[in-house]
Trainee: 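The following block contains the structure, expressed as structure tokens.
Being a predicted model, the structure only gives us computed values, none of them experimental. Counting begins at 1 with the first residue of the sequence.
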Amino acid sequence: MSHRKVLIIGGGIGGFATATAIRQAGFEVTLIERQNDLHSSIFGVGIIQPINALRALEAIGCAEACIEAGYPATAWGTMYDVEGDFLRDIHGTPIEGTELPPMNGLTRPKLHRILTEKAIEAGVEVRYDTSFEDLVEHEDRVTVRFAGGATEDFDLVVGADGVGSAVRRHVLDEVLKPVYIGQSAYRVNIPLLPGIDRIILQEGPEGMAGFVPIGKDLAYFFYNAAMERDERPQGADLHASLMRHLAPFGGLTAEVRDHHIPEDADIVLRPEESMIAPAPWHRGRIVLIGDAVHAVTPHLGQGAAQAIEDGVVLAECLKAHEDHSAAFEEYTERRYERCKLIVETCVDISQWELGKLPDFDNVAATAHVLKEMAKPL
């Protein structure tokens, strides 16, 4: 199958990881991205790389670069109460046979650059400022009509185009949209303060605050806030609204609130959305990965991790099977329950943070997921 031409639609984290994995498996790979350069990812915001993400990145030769550019933590996290008093540790689960850290924090720009450079080094053809208008499947190929009218044939098409996937309608019978869970996440970069050597969680009366180290001198702060989607503040109102949410906190959150989030801080506020598409995640010669089939809220830091894992597993399946249908079936079978666990546990954690699951143990749930993710792909 080394002669097969594969088109990856979408140049996000999952798209580039998948492109590299499939190219390394011996396929001819083209990736298209509608943005005009590699800066299509959100700049100024960090990302959590759990150990299972690092294992998947190691499979395509990117883990070492990510660890060197980021902050490898010696433990997953620690939880504190609203006053800043210690509650519980979350140690994480090692992966046998590796020396990977429980968690690595990294800026999104650095991760995107690492993945882009690896894909190009592997021989992936990257076309920026390119989008598609239609996919027409034939028995032996897929004809892709690009914006502007040009057409090209590919043997296989991978939809890695996110929660608003345009490829999804070519695969699934039902129209799926991610569900807003009632929370939105504030994020802002801050200096790496003493004590931020892992994920730090601080439980508030109405939401969860947290810290993630993402470099030798950089961290990011987040706050998961309950709010109606259409009532989210914007622009100049972001700082004041975040300060109101953080008013009850003591401890590290209070220090950051009072000294490290100035009025002109670059604060990002994003709605938290959830979705798991029914299996199968493929039809004919077209298959979906990442947020196109499993939109994950950020509560476990697994969104990008699952997209990267998708790409590694898909490449393995394509290499193992001459028949693309068998490859796609194995891919979905290996990925579905794993991704479903992540999606559902994140929703449970969000509902606990919103006060709707008072008996839920978020630390135990997190530990369970980390243990499951440490199992082989």
Trainee: Got more than 12 heavy atoms from elsewhere within 6.0 Å of CD, E333?
Mentor: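 No.
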
Trainee: So, do F146 and F132 have ring centers that fall under 6.0 Å from each other?
Mentor: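 Distance test on ring centres: not under 6.0 Å, no.
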
Trainee: For R88 and D361: C-alpha separation, side-chain torsions, deciding distance, then whether salt bridge (Lys or Arg N to Asp or Glu O under 4.0 Å) applies.
Mentor: CA-CA 11 Å; R88 300 168 75 179; D361 187 336; 2.9 Å; yes

Trainee: Taking atom types as modelled, find out whether H299 and D348 have a side-chain donor-acceptor pair closer than 3.5 angstrom.
Mentor: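 Distance-only check fails for H299 and D348.
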
Trainee: Look at the aromatic rings of Y223 and Y186 and report parallel, tilted or perpendicular, splitting at 30° and 60°.
Mentor: tilted

Trainee: Kindly say whether the aromatic ring centers of F328 and W281 come within a distance under 6.0 Å.
Mentor: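 No, ring centres 6.0 Å or more apart.
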
Trainee: Under 6.0 Å between ring centres: does that hold for H112 and F16?
Mentor: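 Centroid separation for H112 and F16: below 6.0 Å.
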
Trainee: Tell me whether R229 forms a cation-pi arrangement with Y180, defined as NZ or CZ under 6.0 Å from the six-membered ring centre and within 45 degrees of its axis.
Mentor: yes

Trainee: Report the distance from atom CD of E137 to atom CG of D134, rounding to the nearest 0.5 Å.
Mentor: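 If we round to the nearest 0.5 Å, E137:CD and D134:CG are 11.5 Å apart.
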
Trainee: Could you tell me whether R283 and D173 have a side-chain N and a carboxylate O separated by less than 4.0 Å?
Mentor: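 Counted as a salt bridge, because a side-chain N and a carboxylate O are separated by less than 4.0 Å.
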
Trainee: Quick check for you: to the nearest 0.5 Å, what is the distance between Q306 atom CD and C339 atom SG?
Mentor: 4.5 Å

Trainee: Who passes side-chain contact (heavy atoms from CB on, under 4.5 Å) against V179, sequence neighbours left out?
Mentor: none

Trainee: Any luck finding a side-chain donor-acceptor pair between N362 and E203 under 3.5 Å?
Mentor: no

Trainee: Find the distance between CD (E28) and CD (E125) and round it off to the nearest 0.5 Å.
Mentor: 8.0 Å

Trainee: For W352 and F360, take the angle between the two ring planes, folded into 0 to 90°, and tell me which bin it lands in: parallel under 30, tilted 30 to 60, perpendicular over 60.
Mentor: tilted

Trainee: For a quick check under 3.5 Å, do S241 and D237 share a side-chain donor-acceptor pair by atom type?
Mentor: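 No - no donor-acceptor pair under 3.5 Å links their side chains.
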
Trainee: Take atom CD of E273 as the centre, draw a 6.0 Å sphere, and report whether it contains more than 12 heavy atoms from other residues, nucleotides or ligands.
Mentor: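 Above 12, so yes.
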
Trainee: Can you tell me how far apart CG (L111) and CG (L115) are? Round to the nearest 0.5 Å.
Mentor: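 With rounding to 0.5 Å, CG (L111) is 4.5 Å from CG (L115).
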
